[in-house]
Amino acid sequence: MFTAAHNATGPFNKRDVFGSSFRRPHRGHRRRRALNCVLVCVCVACVCAIAVVSAIVVREYSLSESYRAADCRLLNATYAERDGQCVFCPGSVDKTAKDRKVESCHPVALPCLRLIVAFEVARRGGNAAAAAPAVHHGLLYDDTNQATGQHRECSFSVCHKSRAENARLVDEFADRIAAHGNSTFRCYYDTETLDNAILEKFYSRTDVFHYLFWPSLIVAVCGLVFVCAECHRRGTIVCPCGKTASPPPPPPSSSPHVASSSAAESSPSAAAEDSKAALEPIRSNEKGKSRKGRRLTNV
C-alpha cells in the first residue's frame, strides 16, 4: 500500500510514514554527550584521587605534624626478652600441591628491637644558660605508623612467614642505625611528649596542599565547563563564561493588509485637506467678482 501510494505521488520518504521523530541526532548533541562523558570521567577520577590522598597522605601528615627535626645519637640497642606476635596471612593457593589447599593465617613470632636515642631540644629563655639546648632520651621508631601501631613498644616490626625471616629484617634495620656509631643523624622528635622520635617523616604541609589542591581545581574547572555548556545550550541571558545570549528578536511587523487599510483610512482626511486648499483661491475670486458687480449696480 505504501509503495503504490508513494510511487504515485513521488519518491518514498521515511518522514512521511514515521513522522519527524525519525530524525538522527544532531552533531552538536553528540558532541555535548561526549563532552559530558569526559567531564564525568575526569571528575570521578579526581574524586577517587582525593579520597585516596585523604586516607593515606592526610592521615600520615596528621600523625607526624607534631614532630620536629633534630639530631639524634644512638645510645643503646637491645632486644626485648619476649617476642611479639603478628598474624601472617598469605592469601594464596598452592597450586603445585595435590590437594590445592588455601594456606590459612597463622601467628608468627616477631623479635622486638628497642633503640634508645638522645636528641637536643632548644629551650626558651632570655639568658644564655636558659637558652642552652636540653638533652632528652626516647625510643626511636621507623615512622609514625610504627609509633602509633600495634607494636609501638618496638622500634621496628615486620610480619613474614617465619620468625627467622622477621629476625633477619629486624637485624638489617638495627645494623643500618648502628652504622652511624657515635655520630648524629637526622630524626624527628615528638614535641608533645619528648619521649620518642621517628626516623622518617614522609609528607609536609606543602605536599598535602599540592595533593589536595590540584584534583580539587580540576573538579571545579570541569564543573564550570559543564555549567557553561548548559548555559550555551539553553540560551540563558547571563552565562558564567562571559558571553551573553542575543536578545530575542522583535515582534514581526503588521501584515501588509493591515498597513494598506490604515493607509486607506488616513487617505480621505489628507484628500479633504488638499481639496480645501485648492478651492480657496476660487472662492476668493468669486467674492471679488461679486463685489465689483455690486459697485456697478450702485453707479
Side-chain angles (χ1 to χ4, degrees), residues 52-53 55-120 135-204 207 211:
V52 173
V53 167
I56 299 177
V57 178
V58 176
R59 178 181 179 274
E60 178 67 24
Y61 171 75
S62 62
L63 292 175
S64 61
E65 184 181 6
S66 60
Y67 287 82
R68 297 293 180 267
D71 293 329
C72 292
R73 186 177 69 256
L74 180 63
L75 297 179
N76 190 10
T78 58
Y79 285 92
E81 296 180 358
R82 297 182 59 182
D83 292 342
Q85 282 192 349
C86 64
V87 179
F88 177 74
C89 298
S92 61
V93 180
D94 187 5
K95 296 182 179 180
T96 59
K98 295 181 179 180
D99 297 336
R100 294 186 179 182
K101 295 181 179 179
V102 179
E103 296 182 8
S104 59
C105 299
H106 58 278
V108 181
L110 171 66
C112 184
L113 174 66
R114 296 176 60 86
L115 299 176
I116 306 299
V117 296
F119 51 89
E120 295 181 351
V135 179
H136 293 269
H137 298 167
L139 185 63
L140 178 66
Y141 295 104
D142 182 25
D143 52 18
T144 54
N145 292 327
Q146 181 68 31
T148 58
Q150 180 180 1
H151 303 284
R152 63 178 62 93
E153 69 278 1
C154 306
S155 297
F156 182 76
S157 64
V158 290
C159 190
H160 288 273
K161 190 173 182 179
S162 62
R163 184 189 183 281
E165 190 172 358
N166 292 338
R168 180 181 62 82
L169 295 175
V170 171
D171 292 340
E172 290 179 358
F173 178 77
D175 295 339
R176 181 159 60 92
I177 301 301
H180 296 284
N182 292 327
S183 60
T184 59
F185 55 92
R186 177 56 58 94
C187 67
Y188 303 88
Y189 69 95
D190 190 358
T191 57
E192 296 179 356
T193 60
L194 298 177
D195 60 354
N196 67 84
I198 59 176
L199 188 62
E200 294 179 346
K201 187 176 179 180
F202 297 103
Y203 305 106
S204 63
D207 297 332
Y211 278 120

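The first residue of the sequence shown is numbered 1, and numbering continues consecutively from there.
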Would you compute the distance between atom CG of D190 and atom CZ of R68 and round it to the nearest 0.5 angstrom? 9.5 Å
Side-chain heavy atoms of I177 within contact of V117, under 4.5 Å: no
Any chance you could measure E65, atom CD, to S204, atom OG, to the nearest 0.5 Å? 11.5 Å
Listed partners of H180 passing ring-ring contact (aromatic ring centres under 6.0 Å, His included), at least two apart: F185
Distance check, rounded to the nearest 0.5 Å: L194 atom CG versus F119 atom CZ? 6.0 Å
Looking only at atom types and distance, does a side-chain atom of R152 sit under 3.5 Å from a main-chain N or O of T148, one as donor and one as acceptor? yes
ring-ring contact (aromatic ring centres under 6.0 Å, His included) involving F156 - partner list, sequence neighbours excluded: F173
Contact between Q146 and S155 at the side-chain level, heavy atoms closer than 4.5 Å - yes or no? no
Is a side-chain N or O of T191 found less than 3.5 angstrom from the main chain of S66, in a donor-acceptor match? yes
Beyond-backbone contact of L63 with N145, side-chain heavy atoms, under 4.5 angstrom: yes
Please report the closest heavy-atom contact between S62 and R59, naming both atoms and the distance. OG-O, 2.7 Å
dist L110:CG -> H160:NE2 (nearest 0.5 Å) comes out at 10.0 Å
Taking all atoms of both residues into account, what is the closest heavy-atom pair of L115 and L139, and its distance? O-CD1, 3.3 Å
In Å and rounded to the nearest 0.5 Å, what is the CG to SG distance from D142 to C154? 12.5 Å
Regarding T144 and E60, do their side chains bring together a donor and an acceptor under 3.5 Å, going by distance alone? yes
Compile the donor-acceptor pairs under 3.5 Å between side chains in residues 70-88 and protein atoms, sequence neighbours left out, one pair per line.
from: Y79; atom 1: OH; to: D171; atom 2: OD1; distance (Å): 2.3
from: D83; atom 1: OD2; to: R163; atom 2: NE; distance (Å): 2.8
from: D83; atom 1: OD2; to: R163; atom 2: NH2; distance (Å): 3.0

Neighbour count >12 (heavy atoms, 6.0 Å) for atom CD, Q150: no
What are the two closest non-hydrogen atoms of R114 and E153, and how far apart are they? NH1-O, 2.7 Å
Closest contact, heavy atoms only, A118 versus V135: CB-CG1, 4.1 Å
Does a side-chain N-to-carboxylate-O contact under 4.0 Å join R168 and E172? yes
Less than 3.5 Å apart, any donor N or O on the side chain of Y67 or N196 sitting next to an acceptor on the other? yes
Give, for atom CG of N166 and atom SG of C112, the distance between the pair rounded to the nearest 0.5 Å. 12.5 Å
